[in-house]
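So that the names make sense, note that chain A is the first sequence line, chain B the second, and so on, each numbered from 1.
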Amino acid sequence: MTVEALIRAVNNPESAQGLVRNVATLAATKDPAAIPTLVEVLKFNNPGAAVAAVSGLIEIGEAVVLYLLENIDGYNYGARAWMVRVFAGIGDPRAIDVLIEAANTDFSLSVRRAATKGLGYLQWSKVSESEREGQQAKVRDSLLLALQDGEWVVRYGAIAGLEGLSRDVSSESKTLIREKLQLFLTEEAELAVKARCQKAIQTLA
Amino acid sequence: MAEAWTLEQAIASIQQTEDASQRYYAAWWLGKFRVEDERAIAALLDALKDEVDRSPDGGYPLRRNAAKALGKLNNPAAVEPLIDCLSSDDYYVRESAAQSLEMLGDRRAIPALRLLLAGGIAAAVKAEGKPHLVQPYEAVIEALGTLGATEVVEEIQPFLEHDFEKIRYATLRALYQLTQDASYAQKLMEALKGDKLQLRRSALLDLGAIGYVPAGTAIANCFAENSLKLIALKGILESQLQRSSEQLDADSQQLMTLMDNLL
């Protein structure tokens with residue numbers, strides 16, 4: 001089937017199950033022409049279809065970012081949550097502000113969790129050298145704030161994010177992250193989160 | 001916004017008896033935020049005897065919530081009153097009490113839990129005119145497994161043949177905990193490939209609860225929400241950390257890698 005035919009199929013599903021299948025097939029084409037339709041699917045309130053659309057959009061990658069930033073729907077909460085996952089998966093630095101806001105303020109813990117992970121795996125080579133340090137400090141502070149989240153999984157995500165970020169930052173910033181994690185380790189109660197923190201400290205050493 | 005209650009407001013809300021719905025909500029709130037304050041415990045224990053808040057089916061909604069909350073508050077004073085709740089007329093009070101006694105981990109609960117299995121699998125049928133069985137078998141069997149009630153192994157074994165998948169899973173889970181026989185855990189792993197999402201979720205959480213390390217990859221690949229898979233893997237990781245005195249061994253490292261990929 002051509003991309004056009006697949007897009008028509010997604011827009012005219014015979015069943016919820018059929019929709020998921022059609023979205024997955026469309027996503028597998030990795031064709032940028034599919035972007036608007038896949039983004040539309042994020043608003044359908046169909047988790048199976050949204051998961052397929054998110055992985056398709058992540059695969060398409062960079063070409064998705066601008067379209068998504070221009071079409072973030074401020075009123076559809078569900079769609080926004082899926083968009084954050086797309087940004088987190090692509091790692092394009094143009095989405096830094098969206099990811100920071102999501103990591104620190106989103107209502108849903110799974111969105112905060114995805115955003116913290118995404119902040120740790122941004123493509124820093126795409127940021128000009130003059131801006132890089134400032135942007136990295138912003139991301140670092142957002143992740144340090146997320147270490148205080150009430151949900152264990154967000155704190156866990158923030159640690160993974162800080163570990164990822166530390167590969168790309170100056171040695172001073174890396175030292176600061178390590179010190180903050182060492183302090184965090186003495187305050188954390190959840191065993192799994194503590195273990196992830198120890199692992200990150202070892203990686204940073 | 002009720003979420004914005006202070007501790008004092010929450011305690012006042014559980015202590016008052018004028019407004020039943022506020023009291024009901026306060027019981028949930030104290031559990032959710034794990035308020036271990038002595039006044040909260042005393043008021044919740046009081047709520048276990050409430051006669052005011054009744055549901056159309058004759059149940060005791062406030063008692064159910066209070067029993068649930070007490071499981072999260074880590075206070076041995078709740079054990080005996082919760083054991084008394086196991087003989088409540090209200091199925092959901094018995095179920096909440098069994099779950100809370102499991103969380104409190106006190107072996108004094110074993111004989112009373114065991115009584116709920118009286119009659120064995122033949123008696124484990126639907127309660128007349130109700131949407132549930134005569135006893136909360138799933139909760140009872142899970143509690144007996146967690147409490148290490150090795151004396152009940154023979155009694156629960158027949159429940160492997162029960163018609164309800166969730167009861168079979170609970171039995172597999174308990175039998176693994178009580179015997180450490182890996183074949184039970186492997187049957188739960190097979191359940192991760194089942195057709196129904198609801199049952200895959202149940203098997204995920206059971207594997208997390210028993211801390212079965214070899215299930216890690218199967219959990220990560222299971223067709224279900226990442227949030228639940230992360231909870232299951234966290235359970236396994238924490239069991240492994242306890243076994244290794246919190247040393248990060250190769251198993252723990254691998255479990256964390258699986259978790260990272262699900263974030």
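In this structure, no portion of Q247(B) lies under 4.5 Å from any heavy atom of chain A. Heavy-atom distances place both the backbone and the side chain of Q253(B) under 4.5 Å from chain A. Of the atoms belonging to L248(B), it is side-chain heavy atoms, and not backbone ones, that fall under 4.5 Å from chain A. Looking at Q202(A), only its side chain comes within 4.5 Å of chain B, counting heavy atoms on both sides. Both the backbone and the side chain of A195(A) have a heavy atom closer than 4.5 Å to some heavy atom of chain B. Contacts of L230(B) with chain A are made by both backbone and side-chain atoms, with heavy-atom separations under 4.5 Å.
Of all the listed residues (I231(B), D260(B), L262(B)), the one sharing the greatest number of non-hydrogen pairs under 4.5 Å with chain A is D260(B). Ranking S227(B), G235(B), S252(B) against chain A, the residue ahead of the rest is S227(B), based on heavy-atom pairs under 4.5 Å.
Closest of all the heavy-atom pairs between Q22(B) and S13(B) is NE2-OG, 3.6 Å. Between L42(A) and A50(A), the shortest heavy-atom contact is CD2-O, 4.1 Å.
Of the possible polar contacts, none joining the Q135(A) side chain to the R132(A) backbone as a donor-acceptor pair under 3.5 Å is found.
Ring-centre distance between W29(B) and Y25(B): not below the 6.0 Å cut-off.
A cation-pi contact, defined as under 6.0 Å to the ring centre and within 45° of the axis, links R85(A) to W82(A).
For N12(A), the CG atom sits in a packed shell: over 12 heavy atoms of surrounding residues, nucleotides or ligands are nearer than 6.0 Å.
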